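Structure first, then comments.
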There are 2 protein chains.
Amino acid sequence: MSSIINPFNVVPKYHQLAAILKRKIDEGDWKTHTPIPSERQLEPLYNVSRATIRQAIDLLVRQGYLYREHGRGTFVSPQKLQKGIQELTSFSEDMLSRGMKPGQIILEVAEVEPTDQMRQRLEITSNTQKLTKIDRVRTGDGTPMGIQTSYLLLPQGQSLTREEVEVNGSIYSLMSEKFHLIPTEADETLEVVLATPREAELLDIAESSPLLLTERTTYSQNRRPFEFVKILYRGDRYKYFARLTRLISQ
Amino acid sequence: MSSIINPFNVVPKYHQLAAILKRKIDEGDWKTHTPIPSERQLEPLYNVSRATIRQAIDLLVRQGYLYREHGRGTFVSPQKLQKGIQELTSFSEDMLSRGMKPGQIILEVAEVEPTDQMRQRLEITSNTQKLTKIDRVRTGDGTPMGIQTSYLLLPQGQSLTREEVEVNGSIYSLMSEKFHLIPTEADETLEVVLATPREAELLDIAESSPLLLTERTTYSQNRRPFEFVKILYRGDRYKYFARLTRLISQ
DNA sequence: CAGTGGTCTAGACCACCGG
DNA sequence: CGGTGGTCTAGACCACTGT
């Protein structure tokens with residue numbers, strides 16, 4: 001919680017500086033749409049070069065905390081933009097951020113053959129590659145929110161058991177601990193579909209009620225896909241949030 | 001279309017270099033998951049310093065074209081990740097990217113009092129501030145795709161006419177040309193709703209059909225909101241696409 | 001070990017903005 | 001005009017990867 005930079009710390013200086021500046025914003029020392037000290041003013045304050053200061057500010061600009069105006073200065077972004085830049089989250093994290101307790105009812109854990117759609121999405125070329133299917137009803141505060149069906153591409157010879165999934169609510173933490181697969185990016189689509197009889201029963205709604213279907217392909221550190229997930233959300237209980245950015249540069 | 005950097009060009013060197021590297025990727029000179037030349041190898045090739053090369057690569061990494069692995073090299077991302085990083089687009093751009101011709105039927109252009117929801121979303125404090133409402137049916141290849149209702153916060157005393165909206169299909173280009181308001185970021189939510197009789201008639205569907213409702217607040221260069229838009233999409237014709245990223249750094 | 005990307009410095013000049 | 005962020009250089013050392 002110090003506000004000086006330790007040059008011997010393993011944490012890079014620009015991360016340390018970004019944390020210091022972020023705290024000033026979070027604690028309200030600097031107000032919305034007002035300028036922070038200029039880059040050259042910050043140099044002697046923290047004993048770092050201007051390039052390092054720019055790296056720290058770059059981080060906060062990308063996270064939506066600050067914005068720059070050429071020739072004028074660097075300013076504090078309004079609160080609205082300070083939260084949740086288009087983030088990749090698990091169902092569990094998503095529920096927690098909405099203030100609800102995540103839960104699950106496991107329907108099935110099994111090895112399956114990939115369909116053509118999955119082969120394409122998961123970039124599978126081998127003919128023997130199997131997938132691990134996990135079918136679950138996801139709940140928020142105990143009531144059914146959606147049906148989640150995951151297809152995992154595990155490292156060859158590896159597998160997951162129903163017990164592991166039961167104990168460890170979040171698949172992402174399981175994947176990370178057991179296989180060192182960490183999600184970094186994902187493609188996601190959303191569309192409206194109507195509930196089949198089975199889905200209606202699982203979600204405790206009327207047949208043909210509208211559902212929000214999201215399909216996601218998740219990529220790990222080396223940009224290889226390792227997961228294809230379908231989630232069917234109850235249309236009356238779920239709202240999707242996104243943060244969009246316009247790329248300026250060409 | 002040159003592949004050398006012009007130091008006298010007004011375009012920064014790192015943008016020129018990024019364009020050159022991007023072309024090599026697009027044209028298939030460098031293949032997926034193979035390393036590009038190292039940063040120190042690129043220095044003499046393009047006569048720029050390593051810092052400039054890193055800036056160029058940073059651009060392409062952020063746009064999803066390349067990824068880095070510490071101690072190993074910089075690699076070409078798979079095609080999947082090379083398109084459309086979570087982008088903020090207008091309805092017109094969105095339709096064009098889906099290969100359809102965008103069109104519109106203007107229902108109403110008028111000055112209105114902001115509701116409380118709009119005052120909050122558009123950060124309005126003044127009591128006299130009016131909004132410009134534009135209500136339109138949007139079409140793709142001639143068939144109705146959705147109903148778009150925009151509420152614009154124009155600079156004081158300014159206004160838009162029905163004719164201007166008619167001529168200039170995209171509001172964004174109008175806002176940019178006339179008021180120098182350029183969209184840079186937006187918050188967006190998506191949910192499922194059921195069509196009212198009026199909406200069903202406008203979209204040529206049955207009453208109570210499921211619709212995809214998106215609500216968006218758009219921010220300009222200085223992070224001030226200037227637009228609040230609701231779009232009701234036909235659930236059977238529209239699919240939403242998103243690219244998610246996990247923020248690694250703290 | 002050599003080669004890679006990651007961090008950092010101390011300087012320079014430019015383009016833009018406001019008074 | 002002076003102050004701001006934007007670009008660029010030529011170095012340096014570190015941390016990580018593979019052989």
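Not measured: the values here are computed from a predicted model. Protein chains get the first letters and strands the later ones, always in sequence-line order, with residue 1 at the start of each.
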* Asked: Taking protein heavy atoms under 4.0 Å as touching, what does nucleotides 12-19 of chain D look like 5' to 3' if B marks base contact, S marks sugar-phosphate-only contact and - marks none?
  -> BB-BBSS-
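- Between A/Thr74 and B/Ser49, the residue anchored nearer the 5' end of DNA chain D, judged by the nucleotide with its closest heavy atom, is A/Thr74.
- Not counting sequence neighbours, A/Lys24 has no partner by the salt bridge (charged side-chain N to carboxylate O under 4.0 Å, His left out) test.
- In this structure, the CD atom of A/Gln55 is 15 Å from the C1' atom of C/dA10, given to the nearest Å.
- Between the C1' atom of C/dT4 and the CZ atom of B/Arg54 lies a distance of 11 Å, rounded to the nearest Å.
- Residues meeting the salt bridge (charged side-chain N to carboxylate O under 4.0 Å, His left out) test with A/Lys13, sequence neighbours left out: none.
- Following rounding to the nearest Å, A/Phe75 (CZ) and D/dT4 (P) show an atom-to-atom distance of 11 Å.
- With sequence neighbours excluded, the residues forming a side chain to side chain contact (heavy atoms under 4.5 Å, CB included) with A/Pro102 are A/Ser92, A/Met95, A/Leu96, listed by chain and number.
- One finds a side-chain N or O of A/Gln41 lying less than 4.0 angstrom from the OP1 or OP2 phosphate oxygen of D/dT4.
- Residues passing the side chain to side chain contact (heavy atoms under 4.5 Å, CB included) test with A/Ser126, sequence neighbours excluded: A/Thr128, A/Gln129.
- Candidate nucleotides C/dC8, C/dG5, D/dT9 were compared by shortest atom distance to the side chain of A/Pro12, and C/dC8 ranks first.
- Residue B/Leu17 contributes atom CG, which lies 10 Å from atom P of D/dT9 at whole-angstrom precision.
- Listed by chain and number, the residues in a salt bridge (charged side-chain N to carboxylate O under 4.0 Å, His left out) with B/Arg72 are B/Glu69 (sequence neighbours excluded).
- In this structure, B/Arg68 atom CZ and C/dG5 atom C1' are separated by 7 Å, rounded to whole Å.
- Summarising the geometry, the separation between CD on A/Glu39 and C1' on D/dC8 is reported as 14 Å, rounded to the nearest angstrom.
- Residue B/Tyr14 places none of its side-chain N or O atoms closer than 4.0 Å to OP1 or OP2 of D/dC8.
- Residues B/Arg68 and B/Thr74 bring no donor and acceptor atom of their side chains to less than 3.5 Å of each other.
- Of the two residues contacting DNA chain D, namely B/Glu43 and A/Ile36, the nearest-nucleotide position lying further toward the 5' end is that of A/Ile36.
- Atom CD1 in A/Ile57 sits roughly 7 Å away from atom P in D/dG5 (whole-Å rounding).
- Atom P of nucleotide C/dG5 and atom CD of B/Glu69 are separated by 11 Å, given to the nearest angstrom.
- Counting any heavy atom pair closer than 4.0 Å across all strands shown, A/Gln16 reaches no nucleic acid atom.
- The pair A/Lys178-A/Glu164 meets the salt-bridge criterion, since a charged nitrogen lies less than 4.0 angstrom from a carboxylate oxygen.
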